S.K.: 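Okay, handing you the structure first.
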There are 2 protein chains.
Amino acid sequence: MDVQKQKKLEAAGWKIGNAEDFLELNQVESSFIALKIALSQHLKTRRQSLRLTQKEFAGMIHSSQSRVAKMEAGDPGVSLDLLVKSLLTLKTSQEDIEKMLP
Amino acid sequence: MDVQKQKKLEAAGWKIGNAEDFLELNQVESSFIALKIALSQHLKTRRQSLRLTQKEFAGMIHSSQSRVAKMEAGDPGVSLDLLVKSLLTLKTSQEDIEKMLP
DNA sequence: CTCCAGAATATCAAATACGAAATAAACGAA
DNA sequence: TTCGTTTATTTCGTATTTGATATTCTGGAG
């Protein structure tokens, strides 16, 4: 990356080529994880309030019980996509989800 | 699935074993797509307002220009995870900028 | 205690998303 | 027009996520 672009980025608030960008990454990463955990807890609460077993809910989203368990456990190997689709299936309004997203 | 569980699901608002569940799926799917498109447009607008090229922004999220283009185009092959991490990267930096301002 | 439904955990191959690279297209400035 | 920059599109090998299955753990009822 050339000097021109470095200055452009720095003007926008970024330091590059040193420790700052990975601190920045960690911050993004931790916010992201926090978001997923919030969604997974919301999911578990909602499923339980509907008196559904993990197996039953898995059938609704065409997935498996084990995957539902991982979702609710905040397993890092579960995508946001699956979490959000699950919440949408539970008739969580799109507006509610958007509020939780950045 | 036995009758007990069918009634349980129906009580929760679902019809099963017929066309309704895939209509439900389509509804979830379309809401999901709408959400991704909304996020991708937000991302594009935000990047442009920061006067960053796709290539520069790709470097910030350790991705590639082509993937940024796909993100902004609402390509179905782009995950929510990547979209949200991208938005977090921009927003976090926005906060940093605001801190630096008088 | 035993039994059993519900939930957690481990493993696997198939599907999908990934970054990278190359190329084409779009657009403006010289 | 030509040239340089930005964005869109395609391809490819790799990495991650997936549903499914099996197994284990947990807790409550009998």
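Chain letters run A, B, ... following the sequence lines, proteins first, then strands; residues in each count from 1. From a predicted model like this one, the values you see are computed outputs, not experimental measurements.
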S.K.: Would you mind reporting whether Thr53(A) and Gln65(A) have side-chain heavy atoms less than 4.5 Å apart?
M.R.: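 No, too far: nothing below the 4.5 Å cut-off.
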
S.K.: OP1 or OP2 of dA7(C) versus the side-chain N and O atoms of Arg47(A): is any pair under 4.0 Å?
M.R.: yes

S.K.: Look at Ser79(B) and dC18(C) and indicate whether a side-chain polar atom (N or O) is within less than 4.0 Å of OP1 or OP2.
M.R.: yes

S.K.: Side chain of Glu72(B) only, heavy atoms from C-beta on: which candidate in dA8(D), dT18(D), dT9(C) is closest?
M.R.: dA8(D)

S.K.: Please tell me if Lys44(A) has a side-chain N or O lying less than 4.0 Å from either OP1 or OP2 of dA8(C).
M.R.: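 Yes, within the criterion.
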
S.K.: Any idea which of dT9(C), dA8(D), dG19(C) is nearest the Ser64(B) side chain?
M.R.: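 When the side chain of Ser64(B) is considered, dG19(C) is the closest of dT9(C), dA8(D), dG19(C).
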
S.K.: Ignoring the backbone of Gln65(A), work out which of dG19(C), dA8(C), dT17(D) is nearest its side chain.
M.R.: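 Nearest nucleotide to the side chain: dA8(C).
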
S.K.: Let me know which of Lys44(A), Arg47(A), Gln48(A) forms a side chain to side chain donor-acceptor pair (under 3.5 Å) with Glu72(A).
M.R.: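 Between Glu72(A) and the candidates, side chain to side chain donor-acceptor pair (under 3.5 Å) is satisfied uniquely by Arg47(A).
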
S.K.: Expressed in angstrom and rounded to an integer, what is the separation of Phe57(B) atom CZ from dT7(D) atom C1'?
M.R.: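 Rounded to whole Å, this separation is 15 Å.
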
S.K.: dA22(D) base to Ser66(A) side chain: any donor-acceptor pair below 3.5 Å?
M.R.: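 Under the 3.5 Å cut-off, the side chain and the base do not form any donor-acceptor pair.
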
S.K.: Arg67(A) CZ to dA14(C) P: how many Å, rounded?
M.R.: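 Checked: the CZ to P distance equals 17 Å.
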
S.K.: Judged by each residue's nearest nucleotide on DNA chain D, which is more toward the 5′ side, Asp81(B) or Val68(B)?
M.R.: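 Going by which nucleotide is closer to the 5' end, it is Val68(B).
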
